[in-house]
Amino acid sequence: MSQPRPAGVLVRTPATSANLGPGFDALGLGLGLHDEIEVTLRDDGRVTVDIAGEGADALPRDASHLVVTAMRRTFEAAGQPLPGLDLRCRNNIPHGRGLGSSASAIVAGVTAAAVFLGRGDTATGELDRDHVFSIAADIEGHPDNVAPCVYGGFTIAWRGAAGWGALSLPPSPRLRPVVCIPDEQLSTERARGLLPASVPHADAAFTAGRSALLVAAVSGHPEMLLEATEDRLHEHFREPAMPASAALIQQLRKDAGLPAVVSGAGPTVLVLAHAPVADANDGIPDVVGNVAQISGDLVDSIRERTGTGWHIRPLTIDPAGVWISSPRS
């Protein structure tokens, strides 16, 4: 794929939830919550950054911005310098909550650079996603958030002898994710720092079995999700960094029978709600009962038991991943 260099590009990237319980550093889900960037080239070599929404008061507004860094890495991989550019960010994905905000920024930057390097067409939306995934995973260092951000849907990602690999599978149409987002942030570095260098063989075997079951549950058997989302590899080690989230997960799983897990590195809690088979209609399930159970009385229970503010959001699954178009302006 090789296209003439456009003057600008609009990139939309989804939030993601990684791990989904036992699928540590391998499984991920694209979510219907999106960031957007617009990048236009300029001739004087300068880089300007404008930010609206999440992180507007904290993120850098110069060439150290993560989107610009990802663009630079992509141009350098092609043997070219980063051109001057104007970057405008519209951020909707909460930062430091385990919803893939950094992966979204990295994928957005790599995608924008790929378009300028002739690997995407803003007129047709065609994009060399494998190229974007490979570079973005190198920058991120692990592929579990990057894969669903690039490809959408439910993804399995890994690193093999030939480099990064990913497979996108269509999730069950009965599945509906609900995120419980706390006000507190947690860095991925801190969350990873709590993990031990090794775990007992029995725990590794248990988690491997649950991870395999989870693939089947998400792909077509969501009634198995409560058991499939059991983990012994990482979640309980991270509890000291997110006690409110850990307590909420225990409440949802044991008291309400809902498959709740830590989203990514946390502290957001992901609930994989699903509709009964009888409620499915033309591939679009009615999950009103599941959502109401979480967003109604359970919201009061969360607030009473944790003393922490929670933002409860039922979301769709993003089926397409990163999306490109011509700039609006």
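Just so you know, these numbers use all the heavy atoms, side chains as well, and skip hydrogens, waters and symmetry mates.
No more than 12 heavy atoms of other residues, nucleotides or ligands lie within 6.0 Å of CG in D57, so this atom counts as exposed by the packing criterion.
R253 places a side-chain N or O within donor-acceptor distance of the main-chain N or O of A260, the cut-off being under 3.5 Å.
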(request) Could you check D35 against T13 for side chain to side chain donor-acceptor pair (under 3.5 Å), going step by step and ending with a plain yes or no? (result) CA-CA 5 Å; D35 283 351; T13 47; 5.2 Å; no
(request) Report the C-alpha distance between L99 and S263 in whole Å, list the side-chain angles of each, state the deciding distance to 0.1 Å, and finish with yes or no for side chain to side chain contact (heavy atoms under 4.5 Å, CB included). (result) CA-CA 7 Å; L99 290 171; S263 180; 3.6 Å; yes
(request) Decide side chain to side chain donor-acceptor pair (under 3.5 Å) for D183 and H311; before the verdict, give the C-alpha distance in whole Å, the side-chain angles of both, and the deciding distance to 0.1 Å. (result) CA-CA 8 Å; D183 292 331; H311 307 277; 2.8 Å; yes
(request) Starting from the C-alpha separation in whole Å, work towards a yes-or-no answer on salt bridge (charged side-chain N to carboxylate O under 4.0 Å, His left out) for R192 and D25. (result) CA-CA 11 Å; R192 282 186 172 270; D25 274 4; 2.5 Å; yes
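G96 and P267 get closest at one heavy-atom pair: O-CD, 3.5 Å.
In this model, a donor atom of one side chain and an acceptor atom of the other lie less than 3.5 Å apart for Y151 and D130.
M242 and L258 fall within the same hydrophobic cluster, defined by Ile, Leu, Val, Met, Phe, Trp and Tyr side-chain heavy atoms under 4.5 Å apart, directly or through other members. Under the 4.5 Å side-chain heavy-atom criterion for ILVMFWY residues, no single connected hydrophobic cluster contains both L195 and V261.
We find that R328 and E36 are joined by a salt bridge, their nearest charged nitrogen and carboxylate oxygen being less than 4.0 Å apart.
When the ring-ring contact (aromatic ring centres under 6.0 Å, His included) test is applied to F154, no partner is found at least two apart in sequence or on another chain. Remark: F24 engages H234 in a ring-ring contact (aromatic ring centres under 6.0 Å, His included) (not counting sequence neighbours).
Residue pairs meeting the side-chain hydrogen bond (donor to acceptor under 3.5 Å, both in side chains) criterion with at least one member in residues 63-73, sequence neighbours excluded: D62-S64.
Partner of T229 under the side chain to side chain contact (heavy atoms under 4.5 Å, CB included) criterion, out of L272, I249, L20, V218: L272 alone.
Inter-residue side-chain proximity for V47 and L87 is flagged as unmet; no heavy-atom pair is nearer than 4.5 Å.
The structure places NE2 of H274 at 8.5 Å from CG of L175, a figure rounded to the nearest 0.5 Å.
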